[in-house]
Amino acid sequence: MDEAIGRDAPRIREAFSRHRLSWLDALPWLAALLAYFAFPDYLSLGTQVMIAIIFALALDLALGYGGVASLGHAAFFGIGAYAAGLWALYVTTEPISGLVAAAVAGAVGALLAGPLVLRTRGLTLVMLTLAVATLLQAVANAEWFKPVTGGADGLFGYQIAPVLGVFSFDLEGSTGYWYAASAMAVVFFLSKAIVNSPFGLTIRGIRENPVRMRMLGVPVIHRLVVLYIISGAFAAIAGALSAQVTRLVGLDSLAFMQSGNVLVMLILGGIGSLYGAFLGATLFVVLSDRAAEIDPFNWLFAVGIVLILAVRFAPQGLVGVIEDAWKKVRA
Amino acid sequence: MVLVPVNRDVYCCLSSRKEERTVLINLLETALALLVSGIAYAMILFLMSVGLTVTLGVMRIANLAHCGFAMVGGYIGFTLVSQTGLGVLPSLVLAALATMILGAALERTVYRWVYASGELGQILMTIGLTFVMVASVNLVYGSALHAMPLPLSLTHDMQLGEISISAYRVYIIVVSTVIAVTLWAILEYTDYGKRLRAAVDNPRMARCVGIDVPRIFAGTFSVGCGLAAVAGFLGSPILPLEPWYALEYLVPVLMIVAVGGHGSLKGSFYAALLLGIIDTFGRYYVPALGAFTIYLVVVGLLLWRPHGAFGRSLA
């Protein structure tokens with residue numbers, strides 16, 4: 001037994017070290033600090049980037065680590081956004097409790113949807129994740145629930161109190177910027193700890209070979225549901241941030257394009273490394289902001305082409321391209 | 001004294017026989033009109049799902065771009081009817097042929113990459129292709145809704161005694177039933193049908209006994225695109241043509257394939273009928289729930305039977 005571990009020790013060390021904290025992990029916040037001073041006019045765009053990063057991190061946990069191909073992660077983003085909006089309207093305008101409430105709502109949503117969705121595989125799973133998001137959008141749009149959700153008009157007209165009672169949400173958006181950066185830090189380091197834990201290793205095992213993990217005695221569905229709950233909670237935090245910063249929750253927070261965009265971001269960045277979320281979301285949000293001013297449909301055309309080419313020629317995304325280049329430089 | 005639901009949630013109590021009769025006729029008329037709409041909607045969805053079902057059955061490919069072919073076919077038909085003044089039926093055939101050629105061309109090129117990738121890659125690539133289709137259609141036709149200019153003979157209401165029903169919906173049902181029966185006959189009785197069924201049941205074994213599965217599949221893919229185009233064309237008065245069409249109706253079509261059982265055409269047919277009719281009645285009688293009703297039904301069905309509520313074999 002010990003001998004076996006001794007032989008595999010380098011591989012085991014590698015499995016854990018890949019996700020150990022390094023100086024690289026400070027980079028996003030250094031970049032955020034630089035961007036804060038370099039582009040003071042684009043703070044709201046920066047906030048959108050960080051919200052997208054949190055959302056992409058949530059999807060990376062489910063898709064990149066658990067292998068759950070979700071085409072409906074907007075469900076949790078939307079749950080978080082509506083929860084935060086309703087929290088501010090009816091309970092308290094204090095923002096951090098709103099984030100927590102949204103995370104709980106997202107977790108409960110994932111707990112309810114998870115056992116249904118994760119029993120299946122392949123196209124049925126994709127279809128069910130998509131159906132759950134569409135179902136929620138139908139609920140938010142339905143006449144019966146209009147008094148709660150605001151229907152097609154969305155939720156608006158709520159105030160958000162200053163963060164920690166000190167930093168009020170100003171027009172230039174610097175509070176929102178640092179608020180999102182802090183939330184991003186919490187979500188990132190939690191994600192890092194999760195994927196690095198024994199639980200995270202089991203999850204990666206399930207992604208590689210669920211049958212074998214089942215035979216090793218791992219309760220596969222149970223673990224996947226737990227992962228889905230965590231991912232749902234993080235996605236809900238992203239939604240809640242968006243609701244608090246923009247003070248508007250619309251039906252589009254649950255729309256297919258919301259799920260599609262985050263998937264594209266993650267694929268472009270690279271799945272299963274957490275860093276892909278940062279690269280992909282930054283690139284996608286900044287470019288789409290520029291492109292939306294010019295022509296949204298040509299942007300969609302470009303996204304489609306890039307998506308096809310990326311899957312074909314760079315399935316590991318930008319992270320993979322950078323890793324390959326780095327290996328070549330060192331060799 | 002009868003308690004009759006007149007419409008939505010209004011109930012009325014009747015004592016006079018004459019009033020009772022008219023209310024009953026109203027009720028019957030509503031139910032019949034709903035049934036006809038429901039079946040017409042279901043047939044459109046079924047035609048759209050055929051290609052997807054077969055692709056999934058033979059190649060195990062989740063082709064999310066499939067509704068894009070319906071959209072492209074619909075737009076081509078729209079151009080033919082409105083620009084060239086061709087009749088509805090010739091335009092329908094031409095649009096279907098054009099879409100089949102497009103489908104075959106894409107199958108030869110982009111889909112080679114799709115086949116070579118894993119499950120996630122297939123989903124992403126076909127979504128990418130859908131985005132390209134959406135953007136292209138918008139570039140050519142703009143983002144406005146397009147209504148198919150139909151001849152008067154199709155847009156009037158037919159009278160059956162005292163009950164009137166939409167002639168166009170009956171037309172949809174007739175045309176798509178003819179197509180469905182032809183499809184079934186081809187699958188059941190022709191050599192090609194036998195080969196295709198063998199390929200769906202067990203692609204590897206079919207290859208071993210000398211069936212050229214990729215060729216069978218290329219043909220079927222193209223036919224599936226053509227059928228989707230027919231659905232896009234015929235269904236355009238119900239499902240109006242707009243650039244987001246390809247994504248808008250993806251969810252109902254996927255639901256039908258999932259409920260029908262992967263790779264089962266018969267299952268898809270029953271699933272389409274069930275979901276189409278429930279959706280139409282649901283939206284009418286419980287409008288407050290909107291599209292919610294149908295999702296509840298689908299989630300319930302899939303909880304009960306995760307691998308589809310209907311059979312497994314192709315025919």
Side-chain angles (χ1 to χ4, degrees), chain A residues 63-64 67-69 71-72 113 115-117 119-128 130-146 151 255-257 259-260 263-264 266-268 271 295-313 315, chain B residues 52 56 60-65 110 113-114 116-139 142-143 243-244 247-248 250-259 262 286-296 298-299 302-303 306-308:
Chain A
L63 176 65
V68 180
L71 204 49
L116 167 70
V117 169
R119 279 202 305 175
T120 60
R121 290 262 117 195
L123 186 70
T124 311
L125 188 143
V126 173
M127 195 282 298
L128 278 175
L130 182 56
V132 167
T134 321
L135 182 150
L136 287 177
Q137 202 184 12
V139 169
N141 199 15
E143 207 64 38
W144 271 6
F145 301 103
K146 208 172 172 181
F256 175 81
M257 282 316 285
S259 310
L263 191 60
V264 173
L266 193 57
I267 297 306
L268 292 185
I271 63 171
D295 185 344
F297 274 98
N298 280 336
W299 164 245
L300 195 66
F301 192 92
V303 170
I305 297 284
V306 168
L307 194 54
I308 295 173
L309 293 178
V311 174
R312 178 68 182 140
F313 297 106
Chain B
L52 196 61
L56 202 66
R60 312 278 185 266
I61 300 278
N63 180 16
L64 299 186
V110 181
W113 290 355
V114 176
S117 13
E119 196 174 77
L120 180 66
Q122 294 170 3
I123 290 165
L124 293 166
M125 277 195 179
T126 50
I127 286 182
L129 190 59
T130 313
F131 285 175
V132 172
M133 286 175 170
V134 169
S136 311
V137 161
N138 182 72
L139 200 66
S143 53
W244 293 109
L247 290 170
E248 189 83 33
L250 185 61
V251 181
V253 171
L254 283 178
M255 289 198 301
I256 283 168
V257 176
V259 170
H262 294 175
V286 207
L289 282 179
F292 186 43
T293 319
I294 195 65
Y295 296 116
L296 278 185
V298 169
V299 167
L302 287 174
L303 266 177
H307 301 293

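Within every chain, numbering begins at 1; the chains are lettered A, B, ... in the order of the sequence lines, protein sequences first and strands thereafter.
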K.L.:
Check whether any side-chain heavy atom of B:Trp113 lies under 4.5 Å from a side-chain heavy atom of B:Gln122, and answer yes or no.
P.N.:
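No, too far: nothing below the 4.5 Å cut-off.
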K.L.:
If we define contacts as heavy-atom pairs under 4.5 Å, which of A:Leu71, A:Leu130, A:Leu116, A:Leu309 has the most with chain B?
P.N.:
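Among A:Leu71, A:Leu130, A:Leu116, A:Leu309, the one with the most close pairs to chain B is A:Leu116.
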K.L.:
Is A:Ile305 in contact with chain B via its backbone, its side chain, both, or neither, using a 4.5 Å heavy-atom distance?
P.N.:
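Interface part for A:Ile305: both.
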K.L.:
How close do A:Gly304 and B:Phe131 get, counting heavy atoms only, and between which atoms?
P.N.:
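Result for this residue pair: CA-CB, 3.9 Å.
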K.L.:
Which residues pass the side-chain contact (heavy atoms from CB on, under 4.5 Å) test with B:Ala65, sequence neighbours left out?
P.N.:
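Here the qualifying residues are B:Asn63, B:Tyr111, B:Thr126, B:Leu129, B:Thr130.
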K.L.:
Side-chain contact, heavy-atom cut-off 4.5 Å: A:Val68 with A:Leu63?
P.N.:
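They are not in side-chain contact.
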K.L.:
With a 4.5 Å cut-off on heavy-atom pairs, point out which of B:Val134, B:Leu296, B:Ile127, B:Leu124 contacts chain A the most.
P.N.:
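Heavy-atom pairs under 4.5 Å are most numerous for B:Leu124.
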K.L.:
Between B:Pro243 and chain A, with a heavy-atom cut-off of 4.5 Å, which part of the residue counts as in contact: side chain, backbone, both or neither?
P.N.:
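For B:Pro243, side-chain heavy atoms alone lie under 4.5 Å from chain A.
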K.L.:
Check each atom of A:Leu128 against the heavy atoms of chain B and say whether the ones under 4.5 Å are side chain, backbone, both or neither.
P.N.:
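Just its side chain gets close to chain B.
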K.L.:
If you count heavy-atom pairs under 4.5 Å with chain B, which of A:Val132, A:Val311, A:Leu135, A:Leu307 comes out on top?
P.N.:
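Most heavy-atom pairs under 4.5 Å with chain B: A:Leu135.
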K.L.:
Checking heavy atoms, do the side chain of A:Phe256, its backbone, both or neither come under 4.5 Å from chain B?
P.N.:
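When you check distances to chain B, only side chain atoms of A:Phe256 fall under 4.5 Å.
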K.L.:
Specify which of B:Ile123, B:Leu250, B:Val251 makes the most heavy-atom pairs with chain A at under 4.5 Å.
P.N.:
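Maximum pair count with chain A is reached by B:Val251.
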K.L.:
List the residues meeting side-chain contact (heavy atoms from CB on, under 4.5 Å) with A:Ala302, not counting sequence neighbours, and say none if there are none.
P.N.:
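For A:Ala302 there are no side-chain contact (heavy atoms from CB on, under 4.5 Å) partners, ignoring immediate neighbours.
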K.L.:
Among B:Asn138, B:Leu64, B:Val132, which has the most heavy-atom pairs under 4.5 Å with chain A?
P.N.:
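It is B:Asn138.
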K.L.:
Taking the side chain as every heavy atom from C-beta outward, state whether A:Val264 and A:Val306 have any atom pair closer than 4.5 Å.
P.N.:
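A:Val264 does not reach A:Val306 side chain to side chain.
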K.L.:
To the closest 0.5 Å, what do you measure between CG (A:Leu300) and CE (B:Met133)?
P.N.:
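Going from the CG atom of A:Leu300 to the CE atom of B:Met133 covers 12.5 Å.
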